[in-house]
Amino acid sequence: MAGNINGSFKGKVAFVTGAGSGIGRAAALAFAREGASVVVTDVSEQSNQETARMIEQLRRRALAVRCDVTRAEDIKAALDKAVEAFARLDFAFNNAGSEQPVKTTADLTEQEWDRIVKVNLRGVFLCMKYEIPLMLRSGGGVIVNTSSGAGVKGFKGQAAYAAAKHGVIGLNQVGRSRLRLAEHTHQCRLSGDHRDLDDGPVHRRHP
């Protein structure tokens with residue numbers, strides 16, 4: 001596997017949430033293959049550690065940190081460990097997400113609504129809030145936020161999930177607008193944009 005590595009991200013550091021499986025794991029391995037050191041986070045310590053071992057098999061550096069993206073203190077602690085280990089942050093893939101039980105809006109409990117929105121939307125906001133200053137300190141970076149087709153057209157029985165993922169698309173659009181403005185004002189050096197991806201139900205791991 002090491003023979004497939006190229007060095008386009010050599011010296012760079014990536015931070016990936018929901019890295020224990022699916023798209024998060026695939027992204028973490030892709031960063032490693034491009035030469036980056038990768039901080040992998042997930043609520044499943046066992047799956048997270050397995051992703052880190054796979055990165056190390058590629059002869060790249062990995063740091064596995066348990067992180068619940070609904071908790072600001074977890075995110076800050078994980079990012080602090082990332083900077084302590086690698087001294088910088090260049091890329092972030094905010095991918096952790098949670099599924100919703102298929103229910104009509106009227107049957108959805110307040111607790112279920114709050115849980116889905118906290119993981120899928122508030123979690124992305126919190127990650128961005130604490131990632132951006134670290135990237136600016138290093139001269140810039142790129143953030144990718146996972147959204148879903150449900151955030152564009154909605155799915156039956158998925159009111160909370162669709163609303164949260166639509167909110168992520170809004171964050172992505174605000175991010176792009178800010179970056180375009182920064183190109184003209186030079187008030188922000190964060191490069192790239194915040195893209196929306198379809199994570200698909202198979203790949204969401206956050207409980």
Side-chain angles (χ1 to χ4, degrees), residues 14-28 40-44 47-48 66-79 91-133 135 141-182 188 190 192-207:
F15 181 85
V16 181
T17 69
S21 68
I23 288 177
R25 173 174 286 178
V40 293
T41 74
D42 203 286
V43 291
S44 171
S47 298
N48 203 37
R66 189 189 184 282
C67 179
D68 179 345
V69 298
T70 68
R71 296 167 55 87
E73 57 268 36
D74 276 22
I75 295 169
K76 288 189 286 186
L79 288 167
F91 309 119
F93 183 28
N94 300 323
N95 173 70
S98 180
E99 290 186 284
Q100 176 200 320
V102 178
K103 289 186 176 183
T104 66
T105 302
D107 289 334
L108 192 65
T109 69
E110 294 178 29
Q111 291 77 16
E112 288 169 332
W113 172 277
D114 289 344
R115 179 181 65 85
I116 296 299
V117 172
K118 281 178 69 176
V119 175
N120 293 341
L121 179 56
R122 185 173 185 269
V124 171
F125 157 70
L126 289 175
C127 286
M128 292 174 66
K129 175 178 174 64
Y130 296 110
E131 291 160 354
I132 289 171
M135 290 184 177
V142 177
I143 295 175
V144 177
N145 299 321
T146 301
S147 185
S148 171
V152 178
K153 59 185 178 182
F155 294 146
K156 184 177 180 180
Q158 293 288 301
Y161 183 77
K165 289 300 187 178
H166 187 73
V168 173
I169 292 173
L171 284 174
N172 293 344
Q173 292 170 342
V174 169
R176 284 194 290 266
S177 298
R178 177 185 176 189
L179 292 167
R180 283 196 294 269
L181 178 64
C188 175
L190 185 66
D193 68 7
H194 310 288
R195 305 179 190 277
D196 22 300
L197 304 174
D198 189 341
D199 54 350
V202 173
H203 302 295
R204 295 190 293 276
R205 286 197 46 80
H206 208 301

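Being a predicted model, the structure only gives us computed values, none of them experimental.
In K103, the NZ atom is crowded: over 12 heavy atoms of neighbouring residues, nucleotides or ligands sit closer than 6.0 Å. Heavy-atom neighbours of E110 CD from other residues, nucleotides or ligands within 6.0 Å: at or below the threshold of 12.
Heavy atoms only, all atoms of each residue included: T17 and C127 are closest at CG2-SG, 4.0 Å. Here the closest heavy-atom approach between residue K156 and residue V102 is recorded as O-CG1, 4.3 Å. V43 and C67 get closest at one heavy-atom pair: CG1-O, 3.5 Å.
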Next item on the list: Could you give me the CA-CA distance, side-chain angles and deciding distance for R25 and V16, then say whether side-chain contact (heavy atoms from CB on, under 4.5 Å) is met?
Entry: CA-CA 8 Å; R25 173 174 286 178; V16 181; over 6 Å; no
Note to self: With side-chain contact (heavy atoms from CB on, under 4.5 Å) as the criterion, how do T146 and F93 come out once you've worked through the C-alpha distance, each side chain's angles and the decisive distance to 0.1 Å?
What the structure shows: CA-CA 8 Å; T146 301; F93 183 28; 3.0 Å; yes
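One distance of note links CD of E112 with OG of S98; it measures 10.5 Å at 0.5 Å rounding. Going from atom CG of N172 over to atom CG of N145 covers 4.5 Å, rounded to the nearest 0.5 Å. Once rounded to the nearest 0.5 Å, the distance linking NZ of K129 with NZ of K76 reads 8.5 Å. With rounding to the nearest 0.5 Å, the separation of CG in L121 from CD1 in I116 is 11.5 Å.
In the model, T70 has a side-chain atom that pairs as donor or acceptor with a side-chain atom of D68 under 3.5 Å. For the 3.5 Å distance criterion, the side chains of N94 and E131 qualify, holding a donor opposite an acceptor.
No option in V119, N120, L126 other than L126 meets the side-chain contact (heavy atoms from CB on, under 4.5 Å) test with R122.
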